Novice: 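One structure, as structure tokens, below. Some questions next.
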2 protein chains.
Amino acid sequence: MAIRPAEQLIHKAAWLYYAHGLRQDEVASQLNISRASVAMYLRKARETGIVNISTSTQLFTDDVVARKVEDAFGLDAVWIAPENAYLADPSTDIAVLAASVFLELVKKGDRIGVAWGRTVYTIADIMSFADLQDVTVVQLCGNLGAPYSYRPDQCTMEIARRLNAKGLNFYAPLVLSTEELAESLRAEPVIRDQLAGIADCDLALYSVGAVDADSHLVKCGALTPAEMDGLRSQGAAGVIAGQIIDARGEMLDCSYNRRVISAELASLRAIEKRLMVVQEDTKFEPLLSAIAGGLCTHLVIGAHMAGRLLQYAEAASKKAS
Amino acid sequence: MAIRPAEQLIHKAAWLYYAHGLRQDEVASQLNISRASVAMYLRKARETGIVNISTSTQLFTDDVVARKVEDAFGLDAVWIAPENAYLADPSTDIAVLAASVFLELVKKGDRIGVAWGRTVYTIADIMSFADLQDVTVVQLCGNLGAPYSYRPDQCTMEIARRLNAKGLNFYAPLVLSTEELAESLRAEPVIRDQLAGIADCDLALYSVGAVDADSHLVKCGALTPAEMDGLRSQGAAGVIAGQIIDARGEMLDCSYNRRVISAELASLRAIEKRLMVVQEDTKFEPLLSAIAGGLCTHLVIGAHMAGRLLQYAEAASKKAS
DNA sequence: CACGGCTCTCGACAAAAGTCAAATTTGGTT
DNA sequence: AACCAAATTTGACTTTTGTCGAGAGCCGTG
């Protein structure tokens with residue numbers, strides 16, 4: 001990377017420009033360099049996280065609907081991206097919101113668990129940079145081969161890079177061919193330590209997957225569409241960190257789950273802040289299961305999904321009374 | 001202030017521009033308003049603290065000298081503004097740095113004590129805006145009349161305004177004419193509560209004053225130059241929140257101090273983070289006294305002052321050995 | 001209902017910031 | 001010492017942003 005004096009210059013330029021409010025040409029003459037260089041330094045400063053530009057996500061929690069969802073499902077905080085008037089692509093809006101919320105939740109010294117999926121990767125991709133030297137980002141589940149562009153380790157590393165944090169990868173496959181092999185691999189010191197360290201996280205970031213042929217598990221070849229169907233008829237309701245959960249949010253008792261190397265649900269529940277982000281409206285049932293299983297304390301969803309959740313909660317409470 | 005829909009628009013504009021990275025004209029067409037309005041909304045968003053632009057103060061603590069000062073005086077953190085190559089007015093640089101450091105130290109839910117003086121007011125004046133709704137800013141000392149533009153309550157209120165926080169003022173004069181009156185006023189429930197609440201603060205912001213005719217105490221008429229001289233010969237070494245301290249950083253035993261309504265030193269010491277900012281090089285002795293009295297855990301000073309502190313510490317350790 | 005007084009909005013211009021290819025410096029290697 | 005490759009810097013150009021006065025809309029009041 002850049003050597004010492006360059007770092008220094010970037011910092012000085014950022015300081016004069018953002019803190020003192022000088023114009024770029026003023027900064028340039030102060031530092032005896034051209035204005036173009038100043039512009040470049042400033043871009044680097046933003047990319048390095050030396051300067052931080054963050055917008056409050058207040059408005060998205062202030063929403064009445066968000067409050068209702070919090071109450072109905074006993075969640076700590078809910079953010080709702082208004083799907084209507086905003087952007088062409090609503091799912092981008094959810095990801096941008098999720099990235100902001102994530103950065104708001106991260107604190108110095110934190111240990112962060114990151115799972116895997118299109119949603120998580122999208123978030124990592126649009127997340128702005130920050131300078132959190134003493135943060136550790138740990139991978140929550142084993143790796144999957146290359147056919148897909150967003151692999152578990154990539155999610156972890158990309159987020160670590162953006163935060164200027166340490167990334168801790170999982171050097172094991174997500175799923176193995178026999179239960180015995182998975183068992184012995186889990187007993188390996190390297191893997192065991194990594195798994196044990198998950199419960200020590202302060203914050204987790206994941207989504208929940210649907211149990212259908214579109215799932216990453218199918219696309220990556222971990223499961224065939226037929227196997228997926230079979231699991232569904234056995235009660236599979238969602239996918240968390242590469243593992244199949246049932247409607248109560250508990251691990252489904254099946255061979256696949258026993259062959260997987262990933263975070264135990266108990267470890268995930270031990271994490272104080274569990275940020276779940278759901279982009280697709282089709283993931284209603286999986287989300288319900290995850291909430292039921294206590295796998296989520298903080299939630300980022302779209303307006304439509306929020307509506308469905310509320311509708312469901314109201315129906316449930318009516319039936320109860 | 002602005003009504004609801006306007007707030008909403010500001011927020012949306014800020015969101016699309018800063019979080020999504022759209023251009024102003026794109027935001028304008030999204031929201032069906034002119035680009036000029038977008039520019040105006042964005043300015044308001046910055047002024048309201050809906051968007052936060054902060055630059056890391058890392059570089060100023062990373063300094064070797066800063067480390068040495070920390071070690072020599074047992075301080076938690078020291079920031080040094082390099083006085084040479086930067087700006088025309090070095091004292092502005094210290095204030096800007098102090099404001100950034102202050103904003104970095106403030107956390108949600110904090111209670112902040114603010115004292116009074118030119119330094120504090122300068123910091124308040126250049127501090128950028130933030131949106132910390134659940135923060136309380138309390139005034140550390142009684143009020144002084146109007147001849148001066150920066151009164152204690154103004155310092156408090158201005159900082160509260162910038163943070164979008166609650167301001168808690170002190171409705172009592174800083175200094176009274178008799179000790180008896182001060183005594184009874186301190187016993188008043190309103191005042192007593194305020195004084196008692198100071199020890200509950202999480203963060204304090206103050207400077208230290210010099211004991212000379214330039215002091216605010218003299219300029220505001222609380223003391224005459226002659227009285228000031230007298231106090232100095234009695235051992236006065238500095239001014240903290242309107243009170244006179246001696247070289248050990250303890251309250252000087254004098255009539256003036258007994259007539260003052262202000263935070264007790266013990267309350268100040270009970271505050272976890274005590275951020276002291278010193279702009280003028282002439283305040284070397286007062287600063288030493290304040291440090292000696294444990295009135296400061298975090299320190300923002302200029303390079304020259306840092307040099308003098310180190311020189312002093314080295315001389316002291318040499319004598320000791 | 002017409003009249004100020006008020007804020008909000010817009011168009012046009014000026015100022016500032018971003019970009020890119022060419023030139024220059026830097027650091028390392030033969 | 002000479003050379004090359006990579007990184008840095010710059011000037012010239014384009015795009016984007018800030019600003020200001022004019023005009024439009026919106027009350028409460030006489």
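By convention in this document, chain letters (A, B, ...) are assigned in the order of the sequence lines, proteins followed by strands, and residues within each chain are numbered from 1. Quick caveat, the model's predicted, so the values are computed rather than measured.
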Novice: Return the set of residues passing salt bridge (charged side-chain N to carboxylate O under 4.0 Å, His left out) with B/D134 (not counting sequence neighbours), or none when no residue passes.
Specialist: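 B/D134: no salt bridge (charged side-chain N to carboxylate O under 4.0 Å, His left out) contacts found.
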
Novice: I need the CE-P distance between A/M40 and D/dT10, as an integer number of Å.
Specialist: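 A/M40 atom CE is separated from D/dT10 atom P by 10 Å.
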
Novice: Can you measure B/Y41 atom OH to D/dT19 atom C1' for me and round it to whole angstrom units?
Specialist: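 That distance rounds to 17 Å.
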
Novice: If you check the B/S37 side chain, which of D/dT9, C/dC8, C/dC10 turns out closest?
Specialist: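 Of the candidates, C/dC10 comes closest.
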
Novice: Atom pairs under 3.5 Å, N or O on each side, protein against nucleotides 16-18 of chain D: can you list them with distances?
Specialist:
unit_1: D/dT16; atom_1: OP1; unit_2: B/R23; atom_2: NE; d: 2.8
unit_1: D/dT16; atom_1: OP1; unit_2: B/R23; atom_2: NH1; d: 3.4
unit_1: D/dT17; atom_1: OP1; unit_2: B/Y17; atom_2: OH; d: 2.9
unit_1: D/dT17; atom_1: OP2; unit_2: B/Q24; atom_2: N; d: 2.9
unit_1: D/dG18; atom_1: OP2; unit_2: B/Q24; atom_2: NE2; d: 2.5
unit_1: D/dG18; atom_1: N7; unit_2: B/R35; atom_2: NH2; d: 2.7
unit_1: D/dG18; atom_1: O6; unit_2: B/R35; atom_2: NH2; d: 3.3

Novice: Could you list the residues that satisfy side chain to side chain contact (heavy atoms under 4.5 Å, CB included) with B/R162, not counting sequence neighbours?
Specialist: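 Side chain to side chain contact (heavy atoms under 4.5 Å, CB included) check on B/R162 returns B/D125, B/M127, B/F129, B/E158.
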
Novice: A/S29: which residues meet the side-chain hydrogen bond (donor to acceptor under 3.5 Å, both in side chains) condition with it, sequence neighbours left out?
Specialist: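 Once residues adjacent in sequence are excluded, A/S29 has no partner under the side-chain hydrogen bond (donor to acceptor under 3.5 Å, both in side chains) criterion.
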
Novice: State which residues pass salt bridge (charged side-chain N to carboxylate O under 4.0 Å, His left out) with A/R43; sequence neighbours excluded, sorted by chain then number.
Specialist: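 Once residues adjacent in sequence are excluded, A/R43 has no partner under the salt bridge (charged side-chain N to carboxylate O under 4.0 Å, His left out) criterion.
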
Novice: Without placing hydrogens or testing angles, list every side-chain donor-acceptor pair under 3.5 Å for residues 164-173 of chain A, not counting sequence neighbours.
Specialist:
unit_1: A/N164; atom_1: ND2; unit_2: A/D131; atom_2: OD1; d: 3.1
unit_1: A/N169; atom_1: ND2; unit_2: A/Q139; atom_2: OE1; d: 2.6

